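Nothing here was measured: the structure is a model prediction, and the numbers come from that model. Proteins come first, then strands; the chains are lettered A, B, ... in the order of their sequence lines, and each starts at number 1.
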Amino acid sequence: MKIYVSNLSFNVQDEELLNLFTPFGAVASAKVITDRETGRSRGFGFVEMEDDNAAQEAMQQLDKTSVDNRSIGVSEARPKSDRSFGNSPFKSDNGGYNKRKW
DNA sequence: ACTGAGCGA
């Protein structure tokens with residue numbers, strides 16, 4: 001399961017992210033999206049976990065927690081066309097979901 | 001006091 005981690009402090013890097021999620025389960029990949037131009041962090045990242053329920057657990061536990069004096073946000077990343085959002089206005093006309101406002 | 005909304009390439 002892919003997880004979207006937002007509002008990260010700019011000090012946080014990939015390994016920090018990894019250290020946060022590892023205790024909850026096997027982490028397939030953890031990457032902070034660093035700005036390709038400047039190389040600095042963009043303040044958000046992605047974590048992919050092997051076990052789905054461990055991921056869910058990690059999300060609940062890590063969401064809105066303070067990391068490096070900043071309250072981070074953890075949520076599922078890019079829901080496909082499953083009913084993650086039930087009957088939300090985010091229908092999938094394009095196979096994923098709208099990139100305009102999401 | 002780099003810089004604060006956001007879903008990578």
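Between A/Leu17 and A/Val5 the shortest heavy-atom distance is CD1-CG1, 4.0 Å.
Within the 4.5 Å cutoff, the side chain of A/Asp51 has no heavy atoms near those of the A/Phe24 side chain.
Ion pairing between a basic and an acidic side chain is recognised when a charged N comes within 4.0 Å of a carboxylate O; A/Asp35 and A/Arg42 show such pairing.
With rounding to the nearest 0.5 Å, the separation of CD in A/Gln13 from OG1 in A/Thr34 is 7.5 Å.
A/Met1 has its CE atom 18 Å from the P atom of B/dC7, to the nearest Å. Spacing between atom CZ of A/Arg36 and atom P of B/dG6 amounts to 22 Å, rounded to whole angstrom units. To the nearest angstrom, P of B/dG6 lies 12 Å from CZ of A/Phe44. Between the CD1 atom of A/Ile33 and the P atom of B/dC7 there is a distance of 12 Å, rounded to whole Å. Rounded to an integer number of Å, the gap from A/Arg40 CZ to B/dG4 P is 12 Å. Rounded to a whole Å, the CG atom of A/Asp68 is 18 Å from the P atom of B/dT3. Taking atom CG on A/Leu8 and atom C1' on B/dA5, their separation rounds to 13 Å, with Å as the unit. Remark: P of B/dT3 and CG of A/Asn7 are 17 Å apart, rounded to the nearest angstrom.
Looking at which nucleotide of DNA chain B each of A/Ser6 and A/Ser41 is closest to, the 5′-most match is held by A/Ser41. Between A/Thr34 and A/Arg70, the residue anchored closer to the 5' end of DNA chain B is A/Arg70, taking for each the nucleotide with the nearest heavy atom.
A stacked arrangement is assigned to A/Phe10 and the six-membered base ring of B/dG4, with a centre-to-centre distance below 5.5 Å and an interplanar angle below 30°.
For A/Arg78 and B/dA9, the shortest distance from a side-chain N or O to OP1 or OP2 is not below 4.0 Å.
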